[in-house]
Amino acid sequence: MSGEPDDEELERLRQEKMEKLREQKQGQGGGEAQEAQRQQAEAQKKALLRQHLTDGARKRLNTVKMSKPQFGEQVEKQVIALARSGRIQGKIDEEKMKDLLSELKPDSKSFDIERR
């Protein structure tokens with residue numbers, strides 16, 4: 001008598017475990033889809049930047065991204081927004097990139113120390 005309830009209990013536990021494993025597997029599949037979408041968006045961003053920036057401007061942007069990642073991302077977003085809105089004629093060269101960086105650069109706080 002005690003063997004039958006244990007078998008039923010074991011079967012129920014097995015079914016629950018299988019359901020959890022299926023849910024985990026589906027969750028991982030969703031993560032892979034999100035990763036694929038992120039990679040595709042990154043590839044599109046790089047293609048847009050390659051299309052609208054000269055080599056010198058891309059090098060300057062990469063240098064900025066290495067030293068200040070958040071600011072570099074902000075500049076990339078701005079260039080992409082300008083490109084998508086059609087406000088870029090031709091390619092952005094290094095001089096235009098310098099101007100864009102100086103416009104977007106946050107105001108640096110300076111301290112003037114006067115000696116008396």
Test side-chain hydrogen bond (donor to acceptor under 3.5 Å, both in side chains) applied to [X] - qualifying residues, sequence neighbours left out:
X	value
Q44	none
Q39	E35
E19	R22

Can you name the residues that form a side-chain contact (heavy atoms from CB on, under 4.5 Å) with A83, not counting sequence neighbours?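 Testing A83 for side-chain contact (heavy atoms from CB on, under 4.5 Å), a comparison that skips the adjacent residues, returns L48, H52, I88.
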Excluding sequence neighbours, so at least two apart, what forms side-chain contact (heavy atoms from CB on, under 4.5 Å) with E11?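 Only R14, Q15 meet the side-chain contact (heavy atoms from CB on, under 4.5 Å) criterion with E11.
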Show which side-chain atoms of residues 64-72 pair as donor or acceptor with protein atoms under 3.5 Å away, not counting sequence neighbours.
residue : atom : partner : partner atom : Å
K65     : NZ   : E76     : OE2          : 2.9
S67     : OG   : T63     : O            : 3.4
S67     : OG   : V64     : O            : 3.2

Look at atom NZ of K59 and say whether more than 12 heavy atoms of other residues, nucleotides or ligands are closer to it than 6.0 Å.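 Count not over threshold, so no.
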Can you measure from [atom1] ([X]) to [atom2] ([Y]) and round to the nearest 0.5 angstrom?
X	Y	atom1	atom2	value
L100	E95	CG	CD	13.0 Å
Q51	I80	CD	CD1	11.5 Å
L53	K96	CG	NZ	11.0 Å

Among pairs that include at least one residue of residues 77-89, which meet side-chain hydrogen bond (donor to acceptor under 3.5 Å, both in side chains), considering only residues two or more places apart or in two chains?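 Of all non-adjacent pairs touching residues 77-89, none passes side-chain hydrogen bond (donor to acceptor under 3.5 Å, both in side chains).
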So, do T54 and I92 sit near enough that their side-chain heavy atoms are less than 4.5 Å apart?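 No, every pair of side-chain atoms sits at 4.5 Å or beyond.
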Given E42 and K45, is the salt bridge (Lys or Arg N to Asp or Glu O under 4.0 Å) satisfied, shown in steps? CA-CA 5 Å; E42 187 70 25; K45 180 173 77 169; 3.6 Å; yes
Do NZ/NE/NH1/NH2 and the carboxylate oxygens of E94 and K98 come within less than 4.0 Å?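 No.
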Residue pairs passing the salt bridge (charged side-chain N to carboxylate O under 4.0 Å, His left out) test where at least one lies in residues 47-56, sequence neighbours excluded: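 For residues 47-56, and leaving out neighbouring residues, the salt bridge (charged side-chain N to carboxylate O under 4.0 Å, His left out) pairs sorted by first residue read D55-R58.
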